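Chain identifiers are assigned alphabetically (A, B, ...) following the order of the sequence lines, protein sequences preceding nucleic acid strands; residue numbering begins at 1 within each chain. None of the values given here were measured: they were computed from a predicted structure.
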Amino acid sequence: MSLAQLTRRSRLPLVLLGGVVALALSIALAITFGPANIEVGEVWSAVVARLGIGESGLSAIRDGIVWNLRLPRTLLAAVCGAGLAVCGAIMQSLLRNPLADPFVLGVSSGASTGAVLVVVLGAGGGVVSMSAGAFLGAVASFAFVLLLSHTLGGTTDRVVLSGVAVMQLFSALTSFVVLTSGDAETTRGVLFWLLGSLSNASWAEVGTCFAVLAATLLVCAGYARSLDAFAFGEDAAATLGVSVARTRLVLLCVTALLTAVLVSSAGAIGFVGLVLPHAARALAGPNHARLLPVTALAGAVFLVWVDTLARTVLDPQEVPVGVVTALIGVPAFVLILYRARGAR
Amino acid sequence: MTADGIAAERVTRSLGGRIVLDDVSIAPEAGATVGLLGPNGSGKSTLLRLLAGVLAPTTGVVTLDGERLDDVGRRSLARRIAVVEQHTDTQVPLTVLDVVRLGRIPHRRTWLPSSAEDDDAVGAALEHAGLTDKVDRRWQTLSGGERQRVQIARALAQQPRELLLDEPTNHLDIQHQFDLLNLLVGLPLTTVVALHDLNLAAMYCDRLVVLQSGKVVAAGRPEEVLTEELIERVYGVRAVVTLEPEGHPHVRFVRAGRPARSALRAE
């Protein structure tokens with residue numbers, strides 16, 4: 001028996017290449033959907049022209065639709081999908097909890113509280129924008145979770161319990177602020193943070209989110225093997241030479257930071273971080289060196305198409321993207337768990 | 001004293017205000033199989049966790065080749081000492097091969113794929129544990145005995161010189177208990193194993209250490225340690241100890257209260 005035959009290592013580059021091609025095609029195709037009819041070829045020539053190679057030959061309006069509206073939105077969808085899915089995969093492995101998702105540390109509820117405080121109470125005196133307020137709220141709630149779980153003993157179950165407690169606290173705060181001083185405008189703002197939306201995508205946001213995503217992926221790739229070691233618990237990881245406390249702190253911080261950045265740009269888009277890691281595990285196996293890139297690509301492709309659906313299915317009205325992820329995510333989740341049950 | 005291999009010197013450890021280990025010293029000889037005996041809560045698991053470096057002693061030191069465990073470094077430690085815990089389970093859908101490969105983590109460099117050396121170590125470990133035909137089985141479908149073998153194979157893939165096991169024969173039927181211990185004593189490693197069964201310990205261990213309430217109450221060769229007097233004192237049960245032709249002692253427990261009841265009936 002040759003062990004080399006049993007490894008799936010050699011197939012990884014092919015899978016990744018396939019994923020990248022699928023993502024590029026998805027982005028190009030997704031841009032063609034919408035009220036203005038645009039061909040894949042036009043998308044291509046608009047992008048090529050912007051990069052300074054050749055002429056676009058498009059009218060200024062059509063070029064604007066591609067470059068200023070649909071392309072940043074689609075790219076933000078891809079970056080958010082990848083980031084949320086990777087954060088979910090890391091949380092599930094690190095906390096040894098299949099129900100963990102990027103929001104388990106209270107980041108999303110902190111973000112909505114921060115946003116509401118800016119909008120309703122004018123906190124920050126107009127200098128702080130709504131998304132900056134959301135980011136600060138997210139960081140504050142995560143710091144609170146970290147402090148609380150550290151005080152309670154620092155083990156992973158304490159992290160989960162602290163996250164749930166802080167999430168409830170910040171949700172209650174948000175509801176309180178909205179109920180006592182809210183109007184229709186505020187309520188709509190809160191819904192944005194709770195359900196997520198990519199409609200305000202700009203190139204600046206794409207750039208920020210992508211930079212943070214890339215940095216996070218790099219850090220997490222360095223910890224891929226340590227995450228493998230967590231399969232049998234923290235003591236087992238320690239006896240395999242993993243520095244448990246450091247790994248836990250670094251990974252919690254980078255994923256919470258990425259989640260906070262994504263949420264402050266696109267709101268708390270649910271279910272991507274919960275469902276996609278399970279789907280990717282079925283595809284790539286449990287080994288994190290394979291699992292993390294596959295999860296990122298799967299999350300990106302998924303959210304690109306979900307957002308396309310969300311903005312076209314009830315045209316001209318937009319369905320909140322979080323509603324569509326839940327409508328697709330729940331049956332997919334059930335299906336994945338049902339198949340996993342059969343394999344056990 | 002600079003000892004070769006792993007040694008605990010006068011270690012004390014308290015957990016939650018209670019002293020679980022009290023002034024314990026242990027220095028297994030290279031290549032020996034040392035059995036840890038004692039009732040539940042006597043400190044066997046805590047001593048193993050201290051030797052593994054997972055838990056730090058409150059006072060005293062644990063050393064590897066005379067160097068304090070703190071100074072050795074996690075990864076180097078994991079290349080020397082492998083641990084098989086009592087309860088191991090996971091939700092992750094791992095195969096036998098996946099689990100055994102975890103043992104290579106302390107040997108691998110962060111950004112590089114596994115080397116031929118890694119594959120050889122995993123192959124040898126699987127063969128040692130008799131698992132070569134089960135590499136693709138899912139962890140969740142394995143029996144208790146198979147899971148213990150997989151964890152031992154994972155430990156062997158670490159290529160350690162010291163192996164620590166916490167009651168590995170728990171929940172195994174008698175045949176698998178013998179299989180497992182035969183496998184362990186056949187390995188050229190210094191092994192410290194916590195055991196419940198006195199007769200298995202007597203048959204397979206070179207030396208025994210008996211703990212009671214966190215203190216060492218007896219240590220030495222099985223025939224020196226396992227006396228009727230000690231069993232009565234530590235476990236509170238009466239036993240008859242005889243010497244087997246192979247040279248190890250055999251413990252036969254006597255049912256409590258029986259002589260008294262028959263005496264009553266005779267009257």
Side-chain angles (χ1 to χ4, degrees), chain A residues 1-10 12-13 89 92-93 95-100 153 218-219 221-247 277-278 281-282 284-291 336 339-344, chain B residues 49 52-55 73-85 87-114 116 118-123 126-127 132-133 135-136 138-141 151 154-155 157-158 160 164:
Chain A
M1 179 203 65
S2 154
L3 276 171
Q5 290 170 346
L6 290 161
T7 67
R8 283 171 289 181
R9 192 193 322 143
S10 53
L12 181 65
Q92 287 169 8
S93 299
L95 304 177
R96 297 187 78 213
N97 190 333
L99 286 176
L218 210 60
V219 172
Y223 280 96
R225 220 158 273 148
S226 302
L227 278 171
D228 290 343
F230 273 82
F232 286 94
E234 299 193 346
D235 273 7
T239 63
L240 288 172
V242 173
S243 171
V244 171
R246 196 190 67 198
T247 304
H278 289 283
R281 228 172 258 127
N287 195 325
H288 287 85
R290 276 197 297 267
L291 177 63
I336 292 164
R339 286 191 45 197
R341 178 206 63 104
R344 274 185 85 119
Chain B
R49 282 162 60 86
V54 176
L55 205 64
R74 290 231 147 272
R75 270 164 59 92
S76 324
L77 203 60
R79 289 194 284 248
R80 270 295 296 272
I81 303 174
V83 181
V84 176
E85 291 176 284
H87 305 290
T88 52
D89 204 2
T90 180
Q91 299 249 15
V92 186
L94 299 169
T95 64
V96 167
L97 184 64
D98 290 328
V99 178
V100 177
R101 288 180 145 223
L102 291 179
R104 296 309 293 172
I105 288 175
H107 292 271
R108 291 176 62 177
R109 299 204 153 265
T110 305
W111 295 100
L112 297 180
S114 61
D118 291 323
D119 290 345
D120 289 348
V122 169
L126 285 165
E127 202 156 316
T132 36
D133 54 338
V135 280
D136 279 331
R138 281 269 292 274
W139 167 266
Q140 283 79 7
T141 68
Q151 287 296 348
R154 185 268 306 153
Q158 285 174 251
L164 311 175

Separation between CG (Leu240(A)) and NE2 (His107(B)), nearest 0.5 Å, reads 10.0 Å
Cut-off 4.5 Å, heavy atoms of chain A, and the answer for Arg79(B) is neither
Assert top hit (heavy-atom pairs under 4.5 Å, partner chain A, pool Gln158(B), Gln151(B), Arg108(B), Arg75(B)) equals Arg108(B)
The interface call for Arg104(B) against chain A, heavy-atom contacts under 4.5 Å, is neither
Ranked by heavy-atom pairs below 4.5 Å to chain B, first place among Val242(A), Asp235(A), Asp228(A) goes to Asp235(A)
Note: vs chain B, highest number of non-hydrogen pairs under 4.5 angstrom among Ala238(A), Ala224(A), Ser226(A) is Ala238(A)
Okay, Arg109(B) and chain A: the region with an atom under 4.5 Å from a heavy atom over there is backbone
Nearest heavy-atom contact between Glu85(B) and Ala236(A) is OE1-CB, 3.5 Å
So, the part of Ala221(A) with a heavy atom under 4.5 Å from chain B: the answer is both
Residues passing the side chain to side chain donor-acceptor pair (under 3.5 Å) test with Asn97(A), sequence neighbours excluded, are none
Cut-off 4.5 Å, heavy atoms of chain A, and the answer for Leu77(B) is neither
Of all heavy-atom pairs linking Ala78(B) and Gly241(A), the shortest is CB-N, 3.4 Å
Taking the side chain as everything from C-beta on, heavy atoms only, tell me whether Phe232(A) gets closer than 4.5 Å to Arg154(B).
no
With side-chain contact (heavy atoms from CB on, under 4.5 Å) as the criterion, how do Thr239(A) and Val54(B) come out once you've worked through the C-alpha distance, each side chain's angles and the decisive distance to 0.1 Å?
CA-CA 7 Å; Thr239(A) 63; Val54(B) 176; 3.5 Å; yes
Notebook entry, point to check: Is a side-chain donor or acceptor of Arg96(A) paired with a backbone partner of Val92(B) at a separation under 3.5 angstrom?
Noted result: no
